[in-house]
Amino acid sequence: MSAPYIPRDRRWHPPAHTPDYKTSVTRSPRLPLLSVEQSLSEITGPTFGHTALGPRDADLIHNFTGAPAIGERILVHGRVTDENLRPVAGALLEVWQANAAGRYRHVNDGYLAPLDPNFSGCGRCLTGADGSYTLRTIKPGAYPFRNHGNSWRMAHIHFSIFGAGLAQRLVTQMYFEGDPLRDQDPIAQTLPDPAALDRLVAPLDLNASIPLDSLAYRFDITLRGRRQTPFENRPEGA
Amino acid sequence: MPVEYPKETPSQTAGPFVHIGTMPTVAGFRGLEPELGQAIAGPACPGQRIGVSGRVLDATGAPVRDLLFEIWQADPNGIYNHPEDPRVRDISQDFNGFGRVAADFDDGAIRFETVKPGPVPGRDARMQAPHLNVFLLARGINVGLSTRLYFGDEDNAGDPLLALIDPPHRRETLVMAADGTAYSFTIRLQGARETVFLDF
Ligand SMILES: [Fe+3]
């Protein structure tokens, strides 16, 4: 017996076709999505246990060579809950980011800023029973990209989230409070409602910072909730 | 005023460097180990072994080369490796169900091996034809795209999801060509034969 997920509000997410973010023009479906009722195929999804993770996966400051990465040391923490405010426990969060100079460790990144030999830019963790998570990293730098003449990405951390089922799968980006590039970042601006972008901006959380060590930012994540009315998903004849 | 619920966190594109956080060896370094999704079905899993290959094309017909392609599927008996599948106790041994493949940086090719899934129950006890659930992430894709891949050598006529597709000729955008145990697909993000993408 499984309750389906609350439908996704597509008007709140960025549309597929956002011409100011040029790459979306040729990569956006133009026909309507087919709206389908959820079956086991959508309600189930991959789940991950602690055995799948390495001991330092959540510490991006040290998880590449062991020596500390260069940059402003930060904690990123928050809770993953659903639209009914229930914690999502055991959710896998995967993150990736540029280093403090705005450069990615990726064979296809040709930005002239230097690599940090001690920073890979990848990390992951599972949420606890209360949906909480904590990552240690350095604050990523802004970087330019080829879009319009002088386009820059505001500092961001990419997040991939696996909830309890495929219907909760979400990939997004976390931004930082007070970033001066917010209003001209073509990707942040794909969001039609400024209130949606506000949700991706992590505020400084001084109380969660570690004195003499790291500042902290808080990024709470909301995944789709479930309806209250269950339906039965039974094999034929059962 | 309607009841207000907290809204879902909005989506943003995965960008071109999604591999760093998901498949770092593809990005060019050793990072997270083990990398997840590397074996949908291990060697001890029973069932028919199959190979799947394909490409995802943009509006100009060019392959999307920075694509991350995720697969979620049932085992050969149509059971999902998930606590909410009522038959999960009988899941095949050495079966995971989740796979991740990066498109080739040169030609966009996507290739993976798995076992053929069985039919899975749909709603109202109607069976669904065997299929792979796929999720696409790439630069320029603002919200990850969901679709399904069915098997050209199966009887797909009674599948309740395919039956919803109108006009009917678009159903074929979700059906892989079969050649023995090799299956192939072309997903078109846009254009005359645009693939049917799902909202669920
Ligand atoms: Fe980025």
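The figures that follow rest on heavy atoms only: side chains count, while hydrogens, waters and symmetry mates do not.
- Proximity of B:W72 to A:S41: side-chain heavy atoms (C-beta onward) are nowhere separated by under 4.5 Å.
- A:L85 and B:P6 get closest at one heavy-atom pair: CD2-CG, 3.7 Å.
- Chain A forms more heavy-atom pairs under 4.5 Å with one residue of B:P34, B:A62, B:G78 than with any other, namely B:P34.
- Both the backbone and the side chain of A:P14 come within less than 4.5 Å of a heavy atom in chain B.
- Taking every heavy atom of both residues into account, A:A52 and B:L36 meet most closely at CB-CD2, 3.8 Å.
- Note on B:D66, B:L136, B:T147: by heavy-atom pairs under 4.5 Å with chain A, the leading option is B:D66.
- Interface residue A:I221: backbone and side-chain heavy atoms are both found under 4.5 Å from chain B.
- With salt bridges taken as basic N to acidic carboxylate O contacts below 4.0 Å, none links A:D193 and B:K7.
- Chain A forms the most heavy-atom pairs under 4.5 Å with one residue out of B:P10, B:G191, B:G21, and that residue is B:P10.
- Ranked by heavy-atom pairs under 4.5 Å with chain B, the first of A:Q173, A:H156, A:Q97, A:H17 is A:Q173.
- The shortest side-chain heavy-atom distance between B:V120 and A:S39 does not fall under the 4.5 Å cut-off.
- The 12-atom threshold is exceeded at CZ of B:F105, counting heavy atoms of other residues, nucleotides or ligands nearer than 6.0 Å.
- Closest non-hydrogen pair, B:L198 versus A:R10, comes out as O-NH2, 4.1 Å.
- In this structure, B:I20 and A:G121 approach most closely via the heavy-atom pair CG2-O, 3.7 Å.
- Counting heavy atoms from C-beta on, the side chains of A:L31 and B:R170 come closer than 4.5 Å.
- Contact annotation for A:R56: neither backbone nor side-chain heavy atoms come within less than 4.5 Å of a heavy atom of chain B.
- When each of B:D166, B:I141, B:L164 is checked for heavy-atom pairs under 4.5 Å with chain A, B:L164 comes out on top.
- Enclosure of atom CZ in A:R226 by more than 12 non-hydrogen atoms of other residues, nucleotides or ligands within 6.0 angstrom is indicated.
- Between the side chains of A:Y175 and B:Q12, a donor-acceptor pair is found at a separation under 3.5 Å.
- Considering every non-hydrogen atom in both A:H158 and B:T13, the closest pair reads ND1-O, 4.0 Å.
- A:E94 pairs with exactly one of B:V18, B:L32, B:T22 by the side-chain contact (heavy atoms from CB on, under 4.5 Å) rule, that one being B:T22.
- One finds no salt bridge joining A:R124 and B:E35 here, because no Lys/Arg side-chain nitrogen approaches an Asp/Glu carboxylate oxygen to under 4.0 Å.
- Residue B:G31 comes nearest to A:C122 through the heavy atom pair CA-SG, 4.4 Å, listed as atom of the first residue, atom of the second, then distance.
- Proximity to chain A (any heavy atom under 4.5 Å) is restricted, for B:E70, to the side chain, taken from C-beta onward.
- Only the side chain of A:F48 comes within contact range of chain B, with heavy atoms under 4.5 Å apart.
- Side chains of A:L40 and B:P86 form a contact here, defined as non-hydrogen atoms less than 4.5 Å apart.
- With B:E8 as reference, A:H13 is the one residue of A:R199, A:H13, A:Q168 to meet the side-chain hydrogen bond (donor to acceptor under 3.5 Å, both in side chains) rule.
- The residues B:R126 and A:E37 are annotated as not salt-bridged, no charged nitrogen and carboxylate oxygen being separated by less than 4.0 angstrom.
- Chosen from A:D57, A:D220, A:I187, A:T47, the residue pairing most often with chain B at heavy-atom distances under 4.5 Å is A:I187.
- Only the backbone of B:V26 comes within contact range of chain A, judged by heavy atoms closer than 4.5 Å.
- When each of A:V25, A:T26, A:T44 is checked for heavy-atom pairs under 4.5 Å with chain B, A:T44 comes out on top.
- In this structure, the portions of B:F17 lying under 4.5 Å from any heavy atom of chain A include both its backbone and its side chain.
- Using a 4.5 Å cut-off between heavy atoms, A:L92 touches chain B through its side chain atoms alone.
- Residue with the most contacts toward chain A among B:R100, B:Q73, B:R188, B:H19: B:R100 (heavy-atom pairs, distance under 4.5 Å).
- By number of non-hydrogen pairs under 4.5 angstrom with chain A, the leading residue of B:L137, B:L57, B:T60 is B:L137.
- Most heavy-atom pairs under 4.5 Å with chain B: of the set A:G54, A:P7, A:A196, this distinction falls to A:A196.
- With a 4.5 Å cut-off on non-hydrogen atoms, B:L145 touches chain A through its side chain but not through its backbone.
- Of the two parts of B:D85, the backbone and the side chain both hold a non-hydrogen atom closer than 4.5 Å to a non-hydrogen atom of chain A.
- At most 12 non-hydrogen atoms from other residues, nucleotides or ligands lie less than 6.0 angstrom from CD of B:E113.
- The part of B:F29 that comes within reach of chain A is its side chain, from C-beta onward, which places non-hydrogen atoms under 4.5 angstrom from that chain.
- Proximity to chain B is limited to the side chain of A:S160, based on heavy atoms less than 4.5 angstrom apart.
- With a 4.5 angstrom heavy-atom cutoff, A:V36 touches chain B via backbone and side-chain atoms both.
- Heavy atoms from other residues, nucleotides or ligands lying under 6.0 Å from CZ of A:R30 number more than 12.
- With chain B as the partner, the residue from A:D82, A:N108, A:V95 showing the most heavy-atom pairs under 4.5 Å is A:N108.
- In this structure, B:T9 and A:L223 have side chains that are not in contact, with every pair of non-hydrogen atoms separated by 4.5 Å or more.
- Using a 4.5 Å cut-off between heavy atoms, A:S35 touches chain B through backbone and side chain atoms alike.
- In terms of heavy-atom pairs under 4.5 Å with chain B, the best-connected choice from A:R27, A:R153, A:K22 is A:R27.
- With a 4.5 angstrom heavy-atom cutoff, A:A16 touches chain B only via backbone atoms.
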